[in-house]
Structures are given as C-alpha cells and as structure tokens.
Amino acid sequence: MKTQSFKILLITCLGLLTLSLNAQDITGQWNGILKVQGFQLRIVFHVTKTDTGYSSTMESPDQSTRVIPVTHTTYENRVIKMQITVAGIEYTGTLQGDSIAGNFKQSGQTFPMNLLRKEMKKEIVKRPQEPVSPYPYYSEEVKFANVKDSVTLAGTLTLPRKEGVFPVVLLITGSGAQNRDEEIAGHKPFLVIADYLTRNGIGVLRLDDRGVGGSTGSFQNVTTQNFATDIEAGVTYLMGRKEVDKKKIGLIGHSEGGIIAPIVAAKMKNIRFIVLLAGTGISGGDLLLLQKAAIQRASGVKEPDIQKEATLSKGAFDIINNSTEPDKLKEKLTAYYEKALTESPDAKPEGISKEDYITASVAGLSGTWMQYFIRYNPQPILKEVKCPVLALNGSKDLQVPAKVNLEAIRKGLEKGGNKHVTTHELPGLNHLFQECNTGLPSEYARIEQTFSPAALKEISDWISIQVK
C-alpha cells in the first residue's frame with residue numbers, strides 16, 4: 001500500500017515538474033493590448049529560439065501590417081527583455097505560465113502591458129454615432145487599380161439608392177496607415193461622415209490606404225504625392241460608374257488628406273469642389289513646430305522648455321530642407337543632435353537618455369514620407385485650385401492650429417484668383433472635429449462623440465449648394 005502511494009506521488013511530482021518545465025517555454029506568439037492615454041493598440045510579439053539565444057519580431061496591427069525586427073531579445077530566470085533600439089522601445093516582463101506580466105517603455109514613458117498566448121480583444125467602447133446595418137441606402141464593396149503605381153485599392157461605395165445618378169464625394173484619410181473608416185482612437189469618422197452624407201442624397205467612396213485592409217501595395221517609402229495618385233485613380237473609377245454624376249464629383253480630405261485634395265483638384269479639372277477638414281496651408285516643417293508647441297503648452301510644459309525643444313527641432317528640419325545628399329542625411333542628423341545635446345542637454349524631454357533620443361529622432365526624421373512632408377509647401381498648389389473650396393478647422397485643434405492654417409489656405413487660393421472660398425473656425429472642436437475640453441490627442445478616445453453634428457450639417461449643406 002505504501003509502495004503504491006509512493007508511485008502515485010512520484011508520478012504526480014514528475015507531472016508537475018513536466019508542467020513547470022513546459023511553462024518555461026517562452027517561444028511562440030504573445031499578444032497584448034497597449035493602453036496609452038485612452039488609445040488601445042494591439043501589440044504582437046513572435047519569439048523564436050536560436051543557436052545563440054532568442055530572436056523576436058513585433059507587430060502593431062492597428063497601425064500597420066509591418067513586421068518590426070526586435071534588436072535584442074534576452075530570456076533569463078523567467079524574465080524576457082525585448083528592445084527595438086531604432087524606435088526607443090523596450091518591453092520587460094516575467095513569465096507566469098501562459099502569461100507575461102510586464103511593462104512597455106518608449107521615449108521615457110512606461111505603460112503596464114501583460115501578454116497572453118491567446119488573441120486579445122480590445123475593450124468595447126461606446127460610439128453612439130456609428131451607424132448599424134441594415135442601412136437605408138445602397139452599399140457596395142469595390143476594387144480598382146492605380147495603374148501608375150501598380151496598386152489595387154479597395155473601398156466602400158455608398159449611394160442614396162441602387163438606381164439613379166448622384167453627386168459623389170471621395171474621402172481622403174489623414175497621415176498614417178488607415179482603413180476606409182479612417183479608424184483612430186476607437187472612432188470611425190469616415191463611416192459616420194459617409195453615413196450622414198449618403199442619407200442626405202450624396203454618394204460617398206471611402207478607401208483603405210495602400211497596404212491596409214483590402215488594398216495592396218506598401219505604405220513604406222512613399223510620399224503624399226503617391227497617395228495623390230491613389231485618389232486620382234479613385235476619381236477615374238467614379239467617372240466610369242453609371243450611377244455617378246460626372247459633373248458633380250468632389251473630394252473631402254482630412255488632415256494630410258487636406259493636402260492631397262488640392263493636389264488632385266489642381267490636376268484633374270473635373271473636380272467640382274473640395275472640402276478641407278483640418279487641412280494645412282503652411283509648410284510641413286512649420287506645422288510640426290506649431291503642433292508640438294501647442295500640445296506641449298496644453299499639457300502644461302513650461303514655456304522655456306517648449307522653446308528649447310522647438311529650437312532643437314528647427315535645426316533638424318533645416319538640415320532636411322537643405323540636404324542634397326539623401327544617403328548622408330542620417331549621418332548629418334546624428335552629428336547635429338550629438339553636438340546640440342552636448343551643448344544643451346536639457347533641450348530633450350526628461351526621462352529618456354541622450355542616445356535613445358537621438359536614435360528615435362533620427363529614425364523618425366529619416367523616413368521618405370517625413371522628409372517629403374517637412375519640405376512640402378502647399379501654397380503653389382493652392383494657387384492652381386479653381387473649384388469651390390470649403391475649409392474647416394476646430395478652434396481647439398492642436399495638431400493643425402486653426403487660425404494660421406485657415407488664413408494661409410484662404411490667401412493661397414485667392415492669390416490664384418479663386419473667388420469661391422469659404423473658411424470657418426468651428427468653436428470647441430479638436431482635430432477629429434469632436435466637441436472637447438482640451439483638444440489634446442489623449443482626449444480623443446475618451447470622448448463618445450465621433451464627429452460634431454454641427455460640422456456634419458455644415459459640410460452637407462455646403463455640398464448640397466455646390467451640386468444644385
């Protein structure tokens with residue numbers, strides 16, 4: 001009897017030991033939800049065993065389809081550490097069975113983030129303006145080609161009815177890889193806009209950006225000009241639809257989309273009108289300086305610190321604007337930051353090392369899109385736009401400050417002889433056209449409203465006049 005009990009105990013202990021050893025396996029897919037100031041971002045790590053240790057990659061599916069190599073991966077005493085040097089990212093966690101408890105760090109900020117082997121879903125947030133099917137209008141999934149860049153674009157075309165001929169607008173997303181709903185911070189502003197306009201007799205085409213959703217191509221190493229060709233292809237597609245009134249095609253661009261819309265309208269003379277939502281009228285470099293200062297100021301950063309960082313950034317932008325040797329740009333920017341931060345160490349934010357700050361800054365400024373954006377001045381193109389233009393900004397927009405950009409847009413259009421220009425600063429609205437308190441990006445996700453009803457009505461009413 002004792003012998004039998006001993007065998008059972010031994011088998012049980014061996015089983016527990018086996019489970020314990022299996023629990024130490026760190027390889028495979030790990031899923032987490034990064035919560036940053038109200039935003040929820042899915043993070044996925046893939047860890048593999050190598051001859052010398054471990055390697056891993058990271059993905060952020062809500063931002064792009066890009067797989068990011070992790071620079072260093074270590075695992076010892078149940079503690080895993082993954083570093084992406086170029087982005088200033090570090091994740092450290094402790095393995096606890098089928099979960100990892102840890103923290104995600106970037107640019108001196110730390111955010112708790114646990115990882116699980118199973119797929120994790122973002123918390124459902126209340127978005128009362130999002131329409132629910134069945135819709136009282138016709139909706140169709142479409143695909144067409146941008147032959148110029150060998151890209152296939154996917155989107156949704158909504159029409160007031162399946163049969164008939166209607167005015168149609170094409171929606172143009174802002175910067176970053178976005179889907180057809182321009183989904184950001186848990187909101188789907190383009191879905192809300194499309195629903196509102198279609199219910200009011202105006203058809204809408206909205207698209208996944210290249211490399212996102214159903215669209216092919218890559219979001220890497222392209223510029224605003226490339227995205228403009230996607231929109232040109234969209235207009236050409238609409239011209240071939242029997243339900244579309246060929247003389248009543250318009251564009252609505254938000255943020256960077258407000259840069260793209262004038263580029264397309266200046267080139268394609270069949271554009272009846274454009275609406276610029278938080279569009280820009282000043283150069284990208286000047287905009288980034290204003291944007292950063294406005295956000296810092298609203299966040300309570302002291303004015304001397306704001307000015308120091310602005311001076312540091314302007315010096316980097318000047319290097320980009322004057323650079324004639326792209327292959328040497330990273331080297332020049334690195335040397336600039338090394339010298340500037342040696343002379344003025346407090347010009348960078350607290351909580352991040354000089355090395356990490358330089359690495360992250362140079363990586364962020366060296367990209368193809370960013371270089372183009374910093375250099376781009378919309379004024380010459382605005383002079384070429386002859387169709388009616390409605391430009392709207394929120395008074396609390398910290399990303400594209402309203403007064404300076406609306407005035408620059410108006411002047412640029414009027415210098416070209418355009419007499420059909422309407423600009424309006426909408427009180428109390430942020431960059432996403434939400435009614436807000438501070439205008440800070442950290443507030444976007446916490447606001448239930450997706451898009452101001454007053455702004456929706458103003459856009460719809462103005463378009464209705466243009467297509468009479």
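Note that the numbering runs from 1 along the sequence shown for the chain.
Remark: the Asn321 side chain and the Ser323 side chain contain no N/O donor-acceptor pair separated by less than 3.5 Å. Gln434 and Thr450 share no side-chain donor-acceptor pair at under 3.5 Å. Defined by atom type and a distance below 3.5 Å, a donor-acceptor pair is present between the side-chain atoms of Asn146 and Thr229.
Partner of Val244 under the side chain to side chain contact (heavy atoms under 4.5 Å, CB included) criterion, out of Val235, Leu205, Ile249: Ile249 alone.
Remark: aromatic rings of Phe451 and Phe190 are distant, center separation not under 6.0 Å. If you look at Phe111 and Phe104, their ring centroids are not closer than 6.0 Å.
For Glu407, the side-chain hydrogen bond (donor to acceptor under 3.5 Å, both in side chains) partners two or more places apart in sequence, or in a different chain, are Arg410. Annotation: side-chain hydrogen bond (donor to acceptor under 3.5 Å, both in side chains) contacts of Thr280 (sequence neighbours excluded): none. Considering only residues two or more places apart in sequence or on other chains, His254 meets the ring-ring contact (aromatic ring centres under 6.0 Å, His included) condition with His431. Every side-chain hydrogen bond (donor to acceptor under 3.5 Å, both in side chains) that Arg42 has, sequence neighbours left out, goes to Asp62.
No donor-acceptor pair under 3.5 Å is formed between the side chain of Asp208 and the backbone N or O of Asn179. At distances below 3.5 Å, not a single donor-acceptor pair connects side-chain atoms of Asn393 with backbone N or O atoms of Glu425. Here the side chain of Lys248 pairs a donor or acceptor atom with the backbone of Val467 at under 3.5 angstrom. Side chain of Asp209 to backbone of Ala177: no donor-acceptor contact under 3.5 angstrom is found. Remark: side-chain polar atoms of Gln178 are not paired, donor with acceptor, to backbone N or O of Ile184 under 3.5 angstrom. Judged purely by atom type and a 3.5 angstrom limit, Asn405 uses its side chain to pair as donor or acceptor with the backbone of Pro401.
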Identify all side-chain donor-acceptor contacts of residues 86-94 below 3.5 Å with residues at least two apart in sequence or on another chain.
residue : atom : partner : partner atom : Å
Glu90   : OE1  : Gln83   : NE2          : 3.2
Glu90   : OE2  : Thr92   : OG1          : 3.4
Tyr91   : OH   : Gly102  : N            : 3.4
Tyr91   : OH   : Met113  : O            : 2.7

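Interatomic distance, CG of Asn200 versus CG of Leu456, reported as 9.5 Å (0.5 Å rounding). Interatomic distance, NZ of Lys121 versus CG of Asn31, reported as 12.5 Å (0.5 Å rounding).
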List the steps, then state whether side chain to side chain contact (heavy atoms under 4.5 Å, CB included) holds for His187 with Val125. CA-CA 9 Å; His187 290 280; Val125 289; over 6 Å; no
Should Asp195 and Tyr137 be marked as a side chain to side chain contact (heavy atoms under 4.5 Å, CB included) after you check the CA-CA gap, both sets of side-chain angles, and the distance that decides it? CA-CA 9 Å; Asp195 178 76; Tyr137 48 79; 2.7 Å; yes
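The ring pair (Phe, Tyr, Trp, His ring centres under 6.0 Å) analysis of residues 359-405, with sequence neighbours excluded, yields the pairs Trp369-Phe373, Tyr372-Tyr376.
The pair Asp149-Arg210 counts as a salt bridge, with a side-chain nitrogen and a carboxylate oxygen less than 4.0 angstrom apart.
For the pair Phe144/Leu207, a side-chain contact is recorded, criterion being any heavy-atom separation below 4.5 Å from C-beta on.
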